[in-house]
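As the structure lists them, so they are numbered: ligands from 1, and atoms in each ligand from 1. Everything numeric in this text was worked out from a predicted model, so none of it was measured.
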Amino acid sequence: MFNKKINIKNIKPNTKFIGKNITCLKVTDSTNTLAKNTPCENGDIFIAETQTAGKGRMGREWTSEKKSGIYLSVALMPDIDSLCINQLTLVMGVAVCKTLKELYKLPFEIKWPNDIVINGKKVCGILTEGVIEKNKVLKAIVGIGINVNNKEFTDELKQKATSLYILTNKKSEREKIINRFAEIFEQHYLMFINVGIKSIIEEFKKLSATINKDVEIIKNNQIIKAYAFDISENGELMVKKEDGTTLTVNSGEVSVRGIYGYN
Ligand code: BTN
């Protein structure tokens with residue numbers, strides 16, 4: 001019962017195009033790679049019960065415990081410049097955070113740029129990739145890994161990861177989360193396309209666990225201590241360094257660490 005597989009018949013979001021076509025596999029290397037390599041339409045969703053080579057940000061591995069988490073990628077064809085592709089991570093972060101808050105009534109937050117956290121522990125990670133030609137995004141793939149029914153984590157992950165099961169002591173139906181997520185994501189994606197990133201950033205700031213915190217920016221093995229005070233209009237993190245100068249941080253190659261706990 002605990003390890004029930006996803007029943008694709010129960011995935012029926014009330015959306016116009018997000019999740020109109022859904023591919024659900026028992027196993028794949030990475031749903032992001034699958035979405036990248038499969039000819040598809042705007043909004044198609046790819047899900048797997050487990051991944052043999054799940055990818056995290058900055059070349060890290062994403063552990064994909066069988067039938068426990070949600071490993072899902074959305075393929076999108078936005079008419080945007082390649083420089084803007086990371087903004088989709090913020091759109092996704094807002095959508096996942098709002099979905100989890102609505103369904104679980106718990107204080108989930110977004111750790112800039114791509115983690116959904118609660119009480120200093122990560123419950124979801126987001127990885128955005130693109131197929132780019134001449135500075136245009138031909139296809140963007142936004143993947144999410146949500147820890148849902150995971151009962152425990154390895155010693156290494158325990159300190160920084162949690163799951164919806166650990167938080168609530170109840171098993172969740174992954175189909176229900178996917179349905180509501182697809183609806184909320186569609187609303188926010190349309191807001192991004194029709195109104196622009198500014199409206200998303202306003203929402204992001206309200207949900208942010210990073211703003212008004214001391215942080216450490218880790219880039220090329222160098223640690224910069226700073227205070228995060230805002231998100232720029234392009235979605236970059238704005239920090240004040242110890243010498244008083246301001247730094248605008250793009251999500252590309254940096255990792256941000258809160259100095260008090262994982263946030
Ligand atoms: C991170 O926190 O570093 C990002 C993790 C993203 C994991 C998801 S799981 C579904 C999709 N497929 C992948 O290979 N990665 C993303």
Side-chain angles (χ1 to χ4, degrees), residues 6 11 18-19 22-38 40 43-76 85-97 99-100 108-118 120-131 139-150 153-154 156-164 174 177-178 181-182 185 208-210 218-219 237 250-258 262-263:
I6 289 176
I11 306 184
I18 298 293
I22 299 176
T23 304
C24 188
L25 301 183
K26 215 164 143 183
V27 55
T28 190
D29 50 358
S30 148
T31 55
N32 266 27
T33 307
L34 177 69
K36 197 190 265 182
N37 295 336
T38 309
C40 60
D44 284 4
I45 283 183
F46 297 83
I47 303 170
E49 287 289 2
T50 186
Q51 304 179 111
T52 53
K55 296 182 276 187
R57 257 182 95 228
M58 303 175 67
R60 295 186 192 121
E61 176 201 359
W62 184 260
T63 312
S64 311
E65 196 190 319
K66 206 167 155 185
K67 294 186 190 162
S68 292
I70 293 177
Y71 315 113
L72 178 155
S73 302
V74 189
L76 300 161
I85 193 165
N86 285 334
Q87 295 178 352
L88 288 168
T89 305
L90 307 188
V91 180
M92 181 59 90
V94 169
V96 176
C97 191
T99 304
L100 297 181
F108 295 98
E109 295 181 302
I110 314 170
K111 174 180 171 273
W112 185 92
N114 73 317
D115 294 343
I116 308 303
V117 297
I118 183 161
K121 290 190 173 181
K122 174 162 169 170
V123 75
C124 169
I126 302 167
L127 178 69
T128 299
E129 299 182 87
V131 181
K139 192 197 256 187
I141 298 99
V142 191
I144 54 171
I146 309 181
N147 301 327
V148 182
N149 290 325
N150 312 61
F153 291 95
T154 58
E156 197 199 334
L157 286 178
K158 227 177 239 162
Q159 306 302 317
K160 48 186 183 183
T162 190
S163 71
L164 298 171
R174 288 174 294 163
I177 302 171
I178 294 169
F181 151 74
F185 178 69
S208 172
T210 312
I218 303 137
K219 187 174 179 170
L237 186 68
N250 189 288
S251 60
E253 285 304 310
V254 298
S255 154
V256 179
R257 192 158 74 193
Y262 181 67
N263 275 353

Enquirer: Would you name the heavy atoms of S251 and N86 that are closest together and state the gap between them?
Expert: OG-ND2, 3.4 Å
Enquirer: To check you understand the geometry: which heavy-atom pair defines the closest contact between I22 and I47, and what is its length?
Expert: CG2-CD1, 3.8 Å
Enquirer: Check each protein residue for a heavy atom under 4.0 Å from ligand 1 and list those that pass, ordered by chain and number.
Expert: S30, T31, N32, Q51, G54, K55, G56, R57, W62, Y71, L72, S73, N114, D115, K122, G125, I126, L127, G143, I144, G145
Enquirer: I'd like to know if the side chain of T50 reaches the main chain of S64, judged simply by a donor and an acceptor atom lying under 3.5 Å from each other, with no hydrogens or angles considered.
Expert: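 Looks like yes, one N/O pair under 3.5 Å.
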Enquirer: Please report the shortest heavy-atom distance between C124 and I146, naming the atom on each side.
Expert: SG-CG1, 3.8 Å
Enquirer: Looking at L90 and P113, what are the two nearest heavy atoms and their distance?
Expert: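 Taking L90 first and P113 second, the nearest heavy atoms are CD2-O, 4.0 Å.
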Enquirer: How far apart are the closest heavy atoms of N114 and T89, and which atoms are they?
Expert: CB-CG2, 3.6 Å
